[in-house]
Amino acid sequence: MIHLHYFAGLKDAAGKAEESLPWEDGTAADVLQWAKTSYPAFDFSAVQIAVNEEYVPRTEPVKPGDHVAFIPPVSGG
Amino acid sequence: MIHLHYFAGLKDAAGKAEESLPWEDGTAADVLQWAKTSYPAFDFSAVQIAVNEEYVPRTEPVKPGDHVAFIPPVSGG
Amino acid sequence: MGTELKPFHVTDQPLEPVLYMEYVTHPEAGAVTLFAGTVREWTNGKRTMYLKYEAYVPMAEKKLAQIGDEITEKWPGSRVAIVHRIGELAISDIAVVIAVSSPHRKAAYEANEYAIEQIKKVVPIWKKEMWEDGEEWIGDQSYKPGSEQA
Amino acid sequence: MGTELKPFHVTDQPLEPVLYMEYVTHPEAGAVTLFAGTVREWTNGKRTMYLKYEAYVPMAEKKLAQIGDEITEKWPGSRVAIVHRIGELAISDIAVVIAVSSPHRKAAYEANEYAIEQIKKVVPIWKKEMWEDGEEWIGDQSYKPGSEQA
């Protein structure tokens with residue numbers, strides 16, 4: 001199981017802020033692919049991925065228990 | 001009569017903050033010359049002159065009733 | 001007071017800039033700069049009614065603290081506090097406060113501007129503009145309810 | 001309050017930065033920068049006990065207002081307040097507050113820094129440092145009681 005976090009436009013597209021996903025092994029890219037398939041209305045091209053609250057490259061391994069957040073372009077300040 | 005204003009180190013050197021001086025006609029340079037003669041302990045080389053609260057060149061005419069201030073290098077802020 | 005001030009904080013409460021100024025002020029400081037980002041009514045001829053900010057709070061606070069660490073490393077002797085408000089904000093409300101102190105002023109200005117630039121790049125906080133005739137997440141977000149297809 | 005705030009002011013009273021922030025904040029502002037110059041205890045290894053500021057008050061206020069005019073001309077849409085305290089100031093007291101608002105942040109930082117640079121050049125205010133072992137008017141002043149000759 002991994003924990004997914006959605007924000008801003010992606011939260012609207014997913015209709016939820018978080019969800020859990022059965023998970024054994026894979027990379028950030030694999031999680032991203034799952035999300036793209038699940039929420040086709042959202043364009044993920046500019047999204048960054050954070051694992052356990054740190055930005056990671058797409059090649060980062062994702063382990064059960066991890067928190068994976070999709071970070072659309074930020075607009076704080 | 002003109003009104004002279006002294007500040008900071010020049011006020012210390014003159015032992016007063018202001019004084020009046022009989023005056024008929026002349027320039028800022030003339031007032032400066034008078035001050036140099038009167039307060040030789042102070043080095044006026046970096047002093048600017050303000051007439052009626054505006055910086056003026058040495059050639060500025062000074063008329064009776066004017067306020068003439070000697071402005072040592074400022075250090076506010 | 002009573003509560004201790006968190007120097008890197010994301011909160012849904014109104015921000016009080018003076019608390020952060022006081023927090024960074026100390027005897028070795030000669031300059032304190034404070035930046036307050038406020039909600040502007042008009043942008044490119046469009047009228048904003050109010051804003052809504054959302055954050056990935058734990059990560060945002062971690063990123064704010066990292067920016068603080070970068071600043072004290074780049075500008076030795078500086079002290080920093082950065083706080084961002086989330087939730088609904090009205091016109092002129094303060095969305096972000098950055099307070100930086102430093103022995104000399106140049107560093108205090110530079111470090112403060114560095115902080116806001118970094119916030120706009122790396123801190124997971126999002127702004128939704130609420131206009132008279134619609135709303136939109138700001139940034140380059142590609143999901144717009146109005147343009148959704150099936 | 002009751003009293004109206006003077007945006008370009010030289011005063012012997014403690015400065016309250018938040019009043020000046022509020023003064024410059026308005027619906028068209030998206031950024032407010034505030035600079036506070038504070039009394040630093042150590043400078044070049046010398047310990048300051050306290051400071052004394054003196055001003056040619058009417059001219060200083062006129063010059064502060066001129067700096068404000070220059071800023072609103074150079075950075076359209078900005079609003080400015082500048083206030084300087086005089087008299088005796090203790091360590092960490094605020095000597096000067098500059099508040100600038102602007103639609104966008106770049107101008108708010110630039111205009112604020114411009115103000116302090118101009119203050120240090122043209123506004124008739126003088127600082128006397130009081131050390132453990134003496135005192136001195138800062139600037140390039142050539143009269144020093146200790147070095148006076150007859």
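Each chain gets a letter, A, B and so on, in the order the sequences are listed, and its residues count up from 1. The analysis underlying the following values was restricted to heavy atoms, covering all of them including side chains, and did not include hydrogens, waters or symmetry mates.
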Engaged part of A/Tyr39 at the chain C interface, taking heavy atoms whose separation is under 4.5 Å: neither
Carefully, step by step, assess C/Met59 and A/His5 under the rule side chain to side chain contact (heavy atoms under 4.5 Å, CB included). CA-CA 11 Å; C/Met59 181 172 169; A/His5 299 263; over 6 Å; no
Would you say that C/Trp137 contacts A/Pro73 through its side chain, given a criterion of any heavy-atom pair below 4.5 Å between the two side chains? no
Could you label the plane-to-plane angle of the C/Tyr56 and A/Phe7 rings as parallel, tilted or perpendicular, counting under 30° as parallel and over 60° as perpendicular? tilted
[atom1]/[X]: more than 12 non-hydrogen atoms of other groups inside 6.0 Å:
X	atom1	value
C/Lys120	NZ	yes
C/Lys106	NZ	no
C/Glu117	CD	yes

Heavy-atom closest pair, residues C/Glu54 and A/Tyr6: OE2-O, 4.4 Å
Shortest non-hydrogen contact from A/Val74 toward C/Val122: CG2-N, 4.2 Å
Heavy-atom pair count under 4.5 Å with chain C, highest-scoring of A/His67, A/Glu54, A/Glu53: A/Glu53
Proximal component of [X], with respect to chain A [non-hydrogen, under 4.5 Å]:
X	result
C/Ala55	backbone
C/Ile119	both
C/Lys121	backbone
C/Lys62	side chain

So, does C/Tyr53 use its side chain to make a donor-acceptor pair with the main chain of A/Gly77 at under 3.5 Å? yes
Checking side chain to side chain contact (heavy atoms under 4.5 Å, CB included) for the pair A/Asp12/C/Lys128: CA distance, chi angles, key distance, verdict? CA-CA 12 Å; A/Asp12 294 345; C/Lys128 193 177 206 172; 3.5 Å; yes
Nearest-0.5 Å distance that lies between atom CH2 in C/Trp126 and atom NZ in A/Lys11: 9.5 Å
